[in-house]
S.K.: 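Structure provided below as structure tokens; questions to follow.
The first residue in the sequence is number 1, and the count goes up from there. Start at 1 and go down the list; that is how both ligands and their atoms are numbered. Note: hydrogens, waters and symmetry copies are ignored here, and every other heavy atom, side chains too, is used.
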Amino acid sequence: MNIFVNGFSKKNKLQKIDWIINNHFQSNKKAKKILFDYLNDDLSIQNLHDEFIENAISNFYLPFAVAPNFLINGKYYTIPMAIEESSVVAAASKAAKFWANLGGFKTKILGVEKVGQIHFFYNGSFRKLESFFKKIRKSLIIDLKPITSNMEKRGGGISSLELIDMNKKINHYYQIFVKFDTVDSMGANFINSCLEKITEIFKFYVEEKKFLNDDNEKIDFIMSILSNYTPNCVARASVSCKVEDLEKNNELKNTKFVESFINAVKISKVDPFRAVTHNKGIMNGIDSVVIATGNDFRSVEASIHAYASRKGSYSGLSNAYIVDDSFYFDLTIPISIGTVGGLTKLHPLVNWAHNLLGYPNARELMQITAAAGLAQNFAAIKSLVTTGIQKGHMKMHLINILNQLGAGRKQKNEAIEHFKTKIVTYKKREGISK
Ligand code: HMG
């Protein structure tokens, strides 16, 4: 059905639900019940959720889990994870436990720089623009103090403000490229407020100082916005151990584990088809922590994938190698996330997740997230080069298959017992009778 609606946003929630059910579901009562089943009985929680986004008509739940035993820089964490895919949390937990026995994860921050850009067109000479920019640069920063002073008190603020000549890409195109430190906040609102103010002040000086003294000259401001690409806001996580310690491990005995593992990582470096799947495994860990801690997973995803392409072709983000008799495995990712602002205090479960982690600052959370990504990557590759992924993944996914078939508790227990020693396949699930 092709339906246009005017003023939908002005309807209240019940009116919106009725409109949808009547127009898209032929007034079906079951369809309406599903929306209501997912509403929270506690009105204060429901109202909060309704106000997070626009046109909210229900809640969309993701399972919220924890992965224990993450030993990171000598401290144990139980990591919160929100994700719908089975075997991710088990894999992270298993890898965390595995590495806890071998010294755990070592992590560090390589940079915390965020970026914002003001894009504009100017049809005059670059030299003239550059000299004008140099003259007003200091005043721009001083005039911005009402917005930046609180951030400066916390140790952040604007770290650089540059004019960039982009004429080689598009005729007459320039940028004001601004670097920020937003301390514990992800900083999107702060950065965008600063950029819009800089544009306003810049325009003011253009007028006041009569910069455009020729009638044909003009400046067109196109947009002022943060960049979600943060190649200098980066965390690294690594694990290492003696090769013989891996080979001693029961599960890995008699496999060419280390060699195959390193080759699997090498393949991700040269083949984008494999690299995307390799990085998807890493994102299983990263996204689920980012979501559980109330951060913006779309910006994290976009930035990490751009970073994976920074050398000209898309490649795997982790590295594995041997030096002397030790195995090293590491992951470096750009990750702009916050522990204040946004949903961090507002969403009770997100706040709970931060509490579980001991209310980390942004740097600590960046490192925890990188460790979760590395753990996930380790678990996936370990399975891929030994048993294959389906054995463990389908063991965890079995319960979803049984639910889809409408199995009861007794049948579920029987099936779980039955598949303890067998790989779950579609064919076998057909064999289960109710
Ligand atoms: P297992 O050896 O059968 O597990 O592994 P186990 O029963 O022996 O238990 C060992 C530990 O694993 C447990 O220790 C837990 O830490 C964890 P314990 O708690 O007993 O002290 N564990 C669990 N944690 C919570 N709930 C559970 C559970 N079961 C085990 N039910 C496992 C099974 C799935 C962990 C293993 O086979 C594995 O790590 N597989 C990899 C799975 C994976 O990577 N899944 C991601 C989805 S696949 C994908 O999207 C990415 C991919 O395409 C990426 C790529 O190609 O690179 C693969």
S.K.: Regarding N73 and T107, is there a side-chain donor-to-acceptor distance under 3.5 Å anywhere?
M.R.: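 Present: a donor and an acceptor within the cut-off.
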
S.K.: Once you measure the plane-to-plane angle for F261 and F327, does it fall in the parallel (<30°), tilted (30-60°) or perpendicular (>60°) bin?
M.R.: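 Judged by the thresholds at 30° and 60°, the geometry between F261 and F327 is perpendicular.
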
S.K.: Closer than 4.0 angstrom, basic N to acidic O: yes or no for D330 and K106?
M.R.: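 No salt bridge links D330 with K106.
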
S.K.: Could you tell me how the ring of F202 sits relative to the ring of F221: parallel (under 30°), tilted (30 to 60°) or perpendicular (over 60°)?
M.R.: perpendicular

S.K.: Nearest protein heavy-atom contact for atom 58 (C) of ligand 1: which residue, which atom, what distance?
M.R.: I389 CD1, 3.4 Å

S.K.: Answer yes if the ring centres of W19 and H24 are under 6.0 angstrom apart, and no otherwise.
M.R.: yes

S.K.: Identify, by atom number and element, the atoms of ligand 1 in contact range of A379, meaning under 4.0 Å from any of its heavy atoms.
M.R.: 39 (O), 41 (C)

S.K.: Indicate whether atom 19 (O) of ligand 1 is within a distance of less than 4.0 angstrom of some protein heavy atom.
M.R.: no

S.K.: Ignoring hydrogens and geometry beyond distance, is a side-chain donor-acceptor pair present between N319 and K269 at under 3.5 Å?
M.R.: yes

S.K.: Name the closest protein heavy atom to atom 1 (P) of ligand 1, giving the residue it belongs to and the distance to 0.1 Å.
M.R.: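 Ranking protein heavy atoms by distance from atom 1 (P) of ligand 1, first comes K94 NZ, 3.6 Å.
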
S.K.: Tell me, which protein residue and heavy-atom name are nearest atom 47 (C) of ligand 1, and how many Å apart are they?
M.R.: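 Scanning the protein heavy atoms, the shortest distance from atom 47 (C) of ligand 1 goes to E85 OE2, 3.3 Å.
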
S.K.: How does T277 reach ligand 1, if at all, at less than 4.0 Å between non-hydrogen atoms: by side chain, backbone, both, or neither?
M.R.: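 Both backbone and side chain of T277 come within 4.0 Å of ligand 1.
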
S.K.: I want to confirm something. Looking only at heavy atoms, which of S93, S383, S268, A67 is nearest to atom 15 (C) of ligand 1?
M.R.: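 Looking at heavy atoms only, the winner is S93.
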
S.K.: For atom 3 (O) of ligand 1, what is the nearest protein heavy atom, given as residue, atom name and distance?
M.R.: K395 NZ, 2.6 Å

S.K.: List the closest protein heavy-atom neighbour of atom 31 (N) of ligand 1: residue, atom name, distance to the nearest 0.1 Å.
M.R.: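 So the nearest neighbour among protein heavy atoms is M396 SD, 3.5 Å.
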
S.K.: By number and element, which atoms of ligand 1 are closer than 4.0 Å to a non-hydrogen atom of E251?
M.R.: 2 (O)

S.K.: Is the closest side-chain donor-acceptor distance between D50 and Q46 under 3.5 Å?
M.R.: yes

S.K.: What atoms in ligand 1 come closer than 4.0 Å to a heavy atom of A380?
M.R.: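 Ligand 1 atoms under the 4.0 Å threshold to A380: 44 (O), 54 (C), 57 (O), 58 (C).
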
S.K.: Within less than 4.0 angstrom of ligand 1, does N284 place any heavy atom?
M.R.: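 Yes; N284 lies near enough to ligand 1 that a heavy-atom distance drops under 4.0 Å.
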
S.K.: Is ligand 1 under 4.0 Å from a heavy atom in the side chain of R274, in the backbone, in both, or in neither?
M.R.: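 Only the side chain of R274 comes within reach of ligand 1.
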
S.K.: Indicate whether atom 7 (O) of ligand 1 is within a distance of less than 4.0 angstrom of some protein heavy atom.
M.R.: yes

S.K.: Would you say that F120 contacts I176 through its side chain, given a criterion of any heavy-atom pair below 4.5 Å between the two side chains?
M.R.: yes

S.K.: How close does the nearest protein non-hydrogen atom get to atom 37 (O) of ligand 1, and which residue and atom is it?
M.R.: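 That would be G392 CA, 3.2 Å.
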
S.K.: Are any non-hydrogen side-chain atoms of V115 and Y229 less than 4.5 angstrom apart?
M.R.: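 Result no, sub-4.5 Å side-chain heavy-atom pair not found.
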
S.K.: Are a donor atom and an acceptor atom from the side chains of K280 and N284 found within less than 3.5 Å of each other?
M.R.: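 Distance-only check passes for K280 and N284.
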
S.K.: At under 4.0 Å between heavy atoms, which part of K97 makes contact with ligand 1: side chain, backbone, both or neither?
M.R.: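 Near ligand 1, K97 shows its side chain, while the N, CA, C and O stay back.
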
S.K.: Flag the pair I72 / W99 as yes when at least one side-chain heavy-atom distance between them is below 4.5 Å, and no otherwise.
M.R.: no

S.K.: For atom 28 (C) of ligand 1, grab the closest protein heavy atom and report residue, atom and distance to one decimal in Å.
M.R.: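 For atom 28 (C) of ligand 1, the nearest protein heavy atom is A90 CB, 3.6 Å.
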
S.K.: From the options T339, V290, I335, D184, select the one residue that forms a side chain to side chain contact (heavy atoms under 4.5 Å, CB included) with L365.
M.R.: T339

S.K.: Can we say E301 and R298 salt-bridge, meaning some charged N sits less than 4.0 Å from an Asp/Glu carboxylate O?
M.R.: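 Judged by the 4.0 Å cut-off on N to carboxylate O distance, E301 and R298 do not form a salt bridge.
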
S.K.: Give me the nearest non-hydrogen protein atom to atom 43 (C) of ligand 1 as residue plus atom name, then the distance to 0.1 Å.
M.R.: S87 OG, 3.6 Å

S.K.: With a heavy-atom distance limit of 4.0 Å, tell me whether K280 approaches ligand 1 through its side chain, its backbone, both, or neither.
M.R.: side chain

S.K.: Heavy-atom distances under 4.0 Å decide this one: backbone, side chain, both or neither, for K391 against ligand 1?
M.R.: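 Near ligand 1, K391 shows nothing, with every heavy atom at 4.0 Å or more.
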
S.K.: Need the ligand 1 atom indices (1-based, order shown) with element for anything under 4.0 Å from a heavy-atom of L384.
M.R.: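 Once the distances to L384 are compared, the set is 55 (C), 56 (O), 57 (O).
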
